[in-house]
Amino acid sequence: MVIAVIFAGGVGSRMHSKDIPKQFLIIHGEPIIVHTVRHFQEHPYVDSIVVVSNADWLEYCRNLLQDYGMDKVSAVVAGGPTGQESIYHGLCAAESIAGPSRAIVLVHDGVRPLIDQDTITRNIESVEEYGSAITCVPAKETVLVRGTSGDIESIPNRSSLSLARAPQSFWLDELLNAHRNAIEKGRLDYIDSASMMFDRGTKLKLVEGPSENIKVTTPDDFFSLQAILNARENQQIYGQ
């Protein structure tokens, strides 16, 4: 079984959208979260989808996805005060859906709507073969490592650097065990699944994804997304 856990619990503070969280903003006629979920809805290997929503927008999110026919969405659950806790809530819902079956879970950001079918497929295949899949893109700029004094401590070779994106995919039982172990130890500050699993000694397999698989966090990101979608639309119309 393959289950996507899509995190859509943000409130959009950096987007400065006063009335509605960023994942529900409309672009090209549909909310961002719908664009995102549709990639997993239409993927033939994905059996079920769990969406983790801001608690105040839970019913809105559930009704929205129903209205757009996202019938692979088996659960819409409330997130927690941190990203780590929110993902854990989603994983627990996925565990209930999977039952006794061993499942692959793809953890994805609800505001990364430019993921593609091929990257989803390669994530699933990588977990089946290696036990993990961390979607990434090569670093295109020089990365500076700053020391405690504020001075530059080192400059890593860019050719060996990648930037982590999403989905980040694992066997569901292994990722849940990692979360439960972190809770027992009082570690509640992990920024993503990759960091948590790396700390447990899990070998992480990189899966290179599309460069446009951006996270829509700020107004600049929103306009970049709009430009990419416009370019794709024009390509369809004009055959460019």
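Scope of the values below: all heavy atoms of this structure, side chains included, with no hydrogens, waters or symmetry mates. Along the sequence shown, the residues carry numbers beginning at 1.
- In this structure, Glu30 CD and His35 NE2 are separated by 5.0 Å, a value rounded to the nearest 0.5 Å.
- For the residue pair Asp71 / Gln41, a side-chain donor-acceptor distance below 3.5 Å is found, with atom types taken as modelled.
- Clustering ILVMFWY residues whenever any of their side-chain heavy atoms sit less than 4.5 angstrom apart, transitively, puts Tyr190 in a cluster other than the one holding Leu176.
- Between Tyr68 and Val37 there is no side-chain heavy-atom pair separated by less than 4.5 Å.
- Taking the side chain as every heavy atom from C-beta outward, Lys22 and Thr217 approach each other to under 4.5 Å.
- Between Leu114 and Pro210 the shortest side-chain heavy-atom distance does not fall below 4.5 Å.
- Side-chain contact of Ser126 with Asn123: a donor-acceptor pair under 3.5 Å is absent, judged by distance alone.
- Annotation: Glu141, atom CD; neighbour count of heavy atoms from other residues, nucleotides and ligands within 6.0 Å does not exceed 12.
- Thr218 and Asp220 form no side-chain donor-acceptor contact under 3.5 Å, judged by distance and modelled atom types alone.
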Start with the C-alpha gap between Phe40 and Met70, add the side-chain angles, then the distance that decides, and say whether side-chain contact (heavy atoms from CB on, under 4.5 Å) holds. CA-CA 9 Å; Phe40 297 90; Met70 302 292 110; over 6 Å; no

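- Residues Met196 and Ala182 approach most closely at CE-CB, 4.2 Å, considering heavy atoms.
- The two atoms that bring Ile104 and Ile124 nearest to each other are CD1-O, 3.8 Å, heavy atoms only.
- A single hydrophobic cluster is seen to contain both Leu106 and Ile33, as judged by linkage of ILVMFWY side chains at heavy-atom distances under 4.5 Å, directly or through other members.
- For Ser211 (side chain) and Val137 (main-chain N/O), no donor-acceptor pair under 3.5 Å exists by modelled atom type.
- Side chain of Asn177 to main chain of Asp173: a donor-acceptor pair is present (N/O by atom type, distance under 3.5 Å, no hydrogens or angles).
- Put simply, CG on Leu163 and OG1 on Thr135 are 12.5 Å apart, with the number rounded to the nearest 0.5 Å.
- The closest side-chain heavy-atom distance from Val52 to Ile87 is not below 4.5 Å.
- The cluster map of Ile, Leu, Val, Met, Phe, Trp and Tyr, joined by side-chain heavy atoms under 4.5 Å apart, puts Ile134 and Val143 in different clusters.
- Contact detail for Gln117 and Pro44: the closest heavy-atom pair is OE1-CD, 4.2 Å.
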Report the C-alpha distance between Leu25 and Ile27 in whole Å, list the side-chain angles of each, state the deciding distance to 0.1 Å, and finish with yes or no for side-chain contact (heavy atoms from CB on, under 4.5 Å). CA-CA 7 Å; Leu25 293 174; Ile27 190 161; over 6 Å; no

Step by step, work out the side-chain contact (heavy atoms from CB on, under 4.5 Å) result for Met197 and Leu175. CA-CA 7 Å; Met197 295 299 277; Leu175 185 54; 3.8 Å; yes

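- Contact annotation: the side chain of Ile20 approaches that of Trp57 to within less than 4.5 Å [non-hydrogen atoms, C-beta and beyond].
- Remark: the backbone N or O of Gly110 is not paired with any side-chain donor or acceptor of Gln23 at under 3.5 angstrom.
- Under the 4.5 Å side-chain heavy-atom criterion for Ile, Leu, Val, Met, Phe, Trp and Tyr, Leu172 and Phe170 are members of the same hydrophobic cluster.
- Taking the side chain as every heavy atom from C-beta outward, Glu174 and Arg102 approach each other to under 4.5 Å.
- Interatomic distance, CG of Asn63 versus SG of Cys61, reported as 9.0 Å (0.5 Å rounding).
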Can you check salt bridge (charged side-chain N to carboxylate O under 4.0 Å, His left out) on Lys205 and Glu129, steps first, answer last? CA-CA 10 Å; Lys205 184 69 174 179; Glu129 186 170 357; over 6 Å; no

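- Judged purely by atom type and a 3.5 angstrom limit, Lys72 uses its side chain to pair as donor or acceptor with the backbone of His43.
- For the atom pair Lys140 NZ and Arg158 CZ, the distance stands at 10.5 Å (nearest 0.5 Å).
- In this structure, Glu208 and Pro138 have side chains that are in contact, with non-hydrogen atoms separated by less than 4.5 Å.
- Between Val216 and Pro113, the closest heavy-atom pair is CG2-CD, 4.1 Å.
- Although no hydrogens or angles enter the test, the distance criterion places a donor-acceptor pair under 3.5 Å between the side chain of Asp47 and the main chain of Val2.
- Here the side chain of Arg112 pairs no donor or acceptor atom with the backbone of Thr36 at under 3.5 angstrom.
- A heavy-atom distance below 4.5 Å is not found between the side chains of Val111 and Phe222.
- Between the OG1 atom in Thr119 and the NE2 atom in His39 there is a gap of 10.0 Å [rounded to 0.5 Å].
- Taking both residues in full, the closest heavy atoms of Trp171 and Val127 are given as NE1-O, 3.5 Å, listed atom of the first, atom of the second, then distance.
- Ring-plane geometry between Phe24 and Tyr60 is classed as perpendicular, the angle between the planes exceeding 60 degrees on a 0 to 90 degree scale with a lower cut at 30.
- Across Asp109 and Ile6, no two heavy atoms sit closer than the pair C-CG2, 4.2 Å.
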In sequence, state the C-alpha distance, the side-chain angles, and the governing distance for Ile120 and Tyr45, and then conclude on side-chain contact (heavy atoms from CB on, under 4.5 Å). CA-CA 9 Å; Ile120 294 171; Tyr45 297 166; over 6 Å; no

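- The distance from atom CZ of Phe7 to atom NE2 of His89, rounded to the nearest 0.5 Å, is 11.0 Å.
- Asp192 and Ser195 are linked by a side-chain donor-acceptor pair at a separation below 3.5 angstrom, with hydrogens and angles left out of the test.
- Ionic pairing of Arg165 and Glu212 is not present here: no N-O contact between side-chain nitrogen and carboxylate oxygen is shorter than 4.0 angstrom.
- Formation of a donor-acceptor pair under 3.5 Å by the Ser86 side chain with backbone atoms of Thr82 is found in this model.
- Ionic pairing of Arg122 and Glu125 is not present here: no N-O contact between side-chain nitrogen and carboxylate oxygen is shorter than 4.0 angstrom.
- A salt bridge links Arg187 and Asp199; the closest N-O separation between the charged side-chain nitrogens and carboxylate oxygens is under 4.0 Å.
- Cluster annotation: Phe223 is connected to Ile32 through the hydrophobic network of ILVMFWY side chains, with a link wherever side-chain heavy atoms come within less than 4.5 Å.
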